[in-house]
Amino acid sequence: MPELPEVQTVVATLETLIKDRKIVQVEILYPPIIGNDDTFESNVINQSFRSFSRKGKFLILGLDRGYLVVHLRMEGKFYVVKQDYLIDKHTHVIFHLDDGTLLLYHDVRKFGRINYIKRIEDHAGLNRLGHEVWDPLCDINYLKEKTANKRVAVKTMLLDQSIIAGIGNIYANEILFEARIHPELPSNQLSDEALQLILDKTKEILEAAIEAGGTSIRSYTSQLGVTGLFQQSLKVHGKENEPCLVCATPIVKKQVNGRGTYFCTVCQKVK
DNA sequence: AGATCTACCCGCACGC
DNA sequence: TGCGTGCGGGTAGATC
C-alpha cells in the first residue's frame, strides 16, 4: 500500500508525465471514487494539470482552476497509457488527455478517493492534517501539546494524521522499533527524549524510503503503482516470528487499536 | 466537551 | 470448491 514515500514518488512521476496536459474527456466507471460528485466532470473538463504536490498521504494536483485531491488509500494506482490500452475491471476513472494518452485510476479495493475542490481549504481531510515531520513547527513542544491528554498507545498516536501527517502502519512499526519504544506505551507518558527520538527516527526512515522510491522509479515509465521499494529495508513490519535483528528474539504481532502491530518484546520493553 | 471506540467501505488471500 | 474471516486509512457517528 502506498505510504508517504510512495505518494511522493507518484507526485514526482505524474509531474514528468502529465504536466500541462489538458483533460479532454472523463469516464467515471465507479462514482464513489469521486465522491458521487455530479459536478466533477464539468469542473475538470478542459483544464490542465499545472502543479503537483503532496501533504501527508494526499496528492494535490493543481488545475487551472481548483485542485484534484487524491488519496490512494491501500491500493490506488495511477497509470499513464496509450489509448488502445486494455481497461480492466479495477480501473474506475479514466482521464483522456490532449496528447492522446489516458490517465487511469486503478484501485482493487475501491477505497481511494479523488475529490475536486475549488480551494485547498475546502477539503476536510487536508484541513485536519497536523504538521509534517520536516516542518520546523513539528518539534517536541508541539508533540507534548498534542499528546498531553492522550492516553492512547503511542502507535495509535503516530497513525493519527492530525498530529503528524503522513505516517502509515508500516512506518509506525519501524519508527517505534528504531526508537526502542513499546507500541502500547500511553502517549502522554513519553519522555522528552522519547519524543525527540520519534521525530528523529521518523525523518530518518521516511527520508530513506523517499530516497529509495526516487531511485527505483527510473526503471518505471508509465506504471505509477510503485510499491515495495522499501520492503527490503523493513526490520519488524510483517516479520512475525522472525528473529529480531538486534537480539534474535522472535518478533511479536498483535492488534493495537485494530491495526497489525509488530515489535520486539525485548528491545521495545519499556511500556 | 473532548477523547476514544466502532463500524463501515471493499475485494482478495487464506484456512478449514 | 465453497464459505467465513481478517486486513486496512480515514471518517462518521456512537459512546465513554
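Naming: A, B, ... by sequence-line order, numbering from 1 per chain.
- Just one of A/His237, A/Glu178, A/Arg259 meets the side-chain hydrogen bond (donor to acceptor under 3.5 Å, both in side chains) condition when paired with A/Asn173; it is A/His237.
- Atom OG1 of A/Thr101 is separated from atom NZ of A/Lys82 by 7.0 Å, given to the nearest 0.5 angstrom.
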Is there any protein nitrogen or oxygen under 3.5 Å from a nitrogen or oxygen in nucleotides 13-16 of chain C, and what are the pairs?
none

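- Here C/dG8 presents its P atom at 9 Å from CD1 of A/Ile170, a figure rounded to the nearest Å.
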- Message: One pair to check against side-chain contact (heavy atoms from CB on, under 4.5 Å): A/Gln161 and A/Phe58. What are the steps and the verdict?
- Response: CA-CA 11 Å; A/Gln161 302 299 304; A/Phe58 289 91; over 6 Å; no
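- The distance from atom CZ of A/Phe111 to atom C1' of C/dG10 is 10 Å, rounded to the nearest whole Å.
- In the helix from B/dG2-C/dC16 to B/dC16-C/dG2, the terminal helix axes, each the rotation mapping four pairs' C1' atoms onto the next four within five end pairs, subtend 60°, rounded to 10°.
- Rounded to a whole Å, the CG atom of A/Asn36 is 17 Å from the P atom of C/dT11.
- In this structure, A/Val44 is a member of the same hydrophobic cluster as A/Tyr30, with clusters built from ILVMFWY side-chain heavy atoms closer than 4.5 Å.
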- Task: Evaluate the criterion side-chain contact (heavy atoms from CB on, under 4.5 Å) for residue pair A/Leu159 and A/Asn257; output intermediate values, then yes/no.
- Result: CA-CA 10 Å; A/Leu159 293 175; A/Asn257 198 42; over 6 Å; no
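- Sorted pairs that involve residues 84-95 of chain A and meet salt bridge (Lys or Arg N to Asp or Glu O under 4.0 Å), not counting sequence neighbours, are lacking altogether.
- Here the OG1-NZ distance, from A/Thr261 to A/Lys253, works out to 9.0 Å after rounding to the nearest 0.5 Å.
- Linking ILVMFWY residues whenever their side-chain heavy atoms come closer than 4.5 Å, directly or via other members, leaves A/Phe177 and A/Leu158 in distinct clusters.
- The ring-ring contact (aromatic ring centres under 6.0 Å, His included) search around A/Tyr105 returns A/Phe78, not counting sequence neighbours.
- The distance from atom OH of A/Tyr30 to atom C1' of B/dC10 is 7 Å, rounded to the nearest whole Å.
- Atom pair A/Ile33:CD1 and C/dG9:P shows a separation of 16 Å (rounding to whole Å applied).
- A search for salt bridge (charged side-chain N to carboxylate O under 4.0 Å, His left out) contacts involving A/Lys144 returns A/Asp192, not counting sequence neighbours.
- Not a single salt bridge (charged side-chain N to carboxylate O under 4.0 Å, His left out) links A/Arg113 to another residue, sequence neighbours left out.
- Here the C1' atom of nucleotide C/dG10 and the CG atom of A/Asn257 are 13 Å apart, to the nearest Å.
- Between the side chain of A/Glu3 and the backbone N or O of A/Ile170, at least one donor-acceptor pair lies under 3.5 Å.
- The distance between atom CD of A/Glu3 and atom C1' of C/dG9, rounded to the nearest whole Å, is 10 Å.
- Using a 3.5 Å distance cut-off with no hydrogens or angles, the side chains of A/Asn169 and A/Lys155 do pair a donor with an acceptor.
- Within residues 151-166 of chain A, the residues that place at least one heavy atom under 4.0 Å from DNA chain B are, in residue-number order, A/Arg151, A/Val152.
- Between A/Lys22 and the choices A/Ile45, A/Asn46, A/Asp99, the side chain to side chain contact (heavy atoms under 4.5 Å, CB included) rule is met once, by A/Asn46.
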- Task: Applying side-chain contact (heavy atoms from CB on, under 4.5 Å), run through A/Ile210 and A/Leu4 and close with a yes or a no.
- Result: CA-CA 8 Å; A/Ile210 288 170; A/Leu4 184 150; 3.9 Å; yes
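- Between A/Tyr79 and A/Tyr85, the ring planes lie parallel to each other; the angle is under 30°, not in the 30° to 60° tilted range.
- At the phosphate of C/dG9, neither OP1 nor OP2 sits under 4.0 Å from any side-chain N or O atom of A/His71.
- Proximity of A/Lys110 to the phosphate of B/dC9: no side-chain N or O atom is located under 4.0 Å from OP1 or OP2.
- Listed in residue order, the members of residues 113-134 of chain A having a heavy atom less than 4.0 Å from DNA chain B come to none.
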Output one line per pair: protein atom, nucleotide atom from nucleotides 2-7 of chain C, and distance, for all N/O pairs under 3.5 Å.
unit_1, atom_1, unit_2, atom_2, d
C/dC7, OP1, A/Gln255, OE1, 3.3

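- Annotation: salt bridge (charged side-chain N to carboxylate O under 4.0 Å, His left out) contacts of A/Lys150 (sequence neighbours excluded): none.
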I'd like a table of atom pairs between the protein and nucleotides 14-16 of chain B - only N or O on both sides, under 3.5 Å - with the distance next to each one.
none

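- For residues 55-75 of chain A, the pairs satisfying side-chain hydrogen bond (donor to acceptor under 3.5 Å, both in side chains) are A/Arg50-A/Asp64, with sequence neighbours left out.
- In this structure, A/Glu75 atom CD and C/dG9 atom P are separated by 11 Å, rounded to whole Å.
- Residues A/Val108 and A/Val81 do not share a hydrophobic cluster, clusters being chains of Ile/Leu/Val/Met/Phe/Trp/Tyr side chains in contact below 4.5 Å.
- For C/dG8, its base never sits under 3.5 Å from the side chain of A/Arg73 at any donor and acceptor pair.
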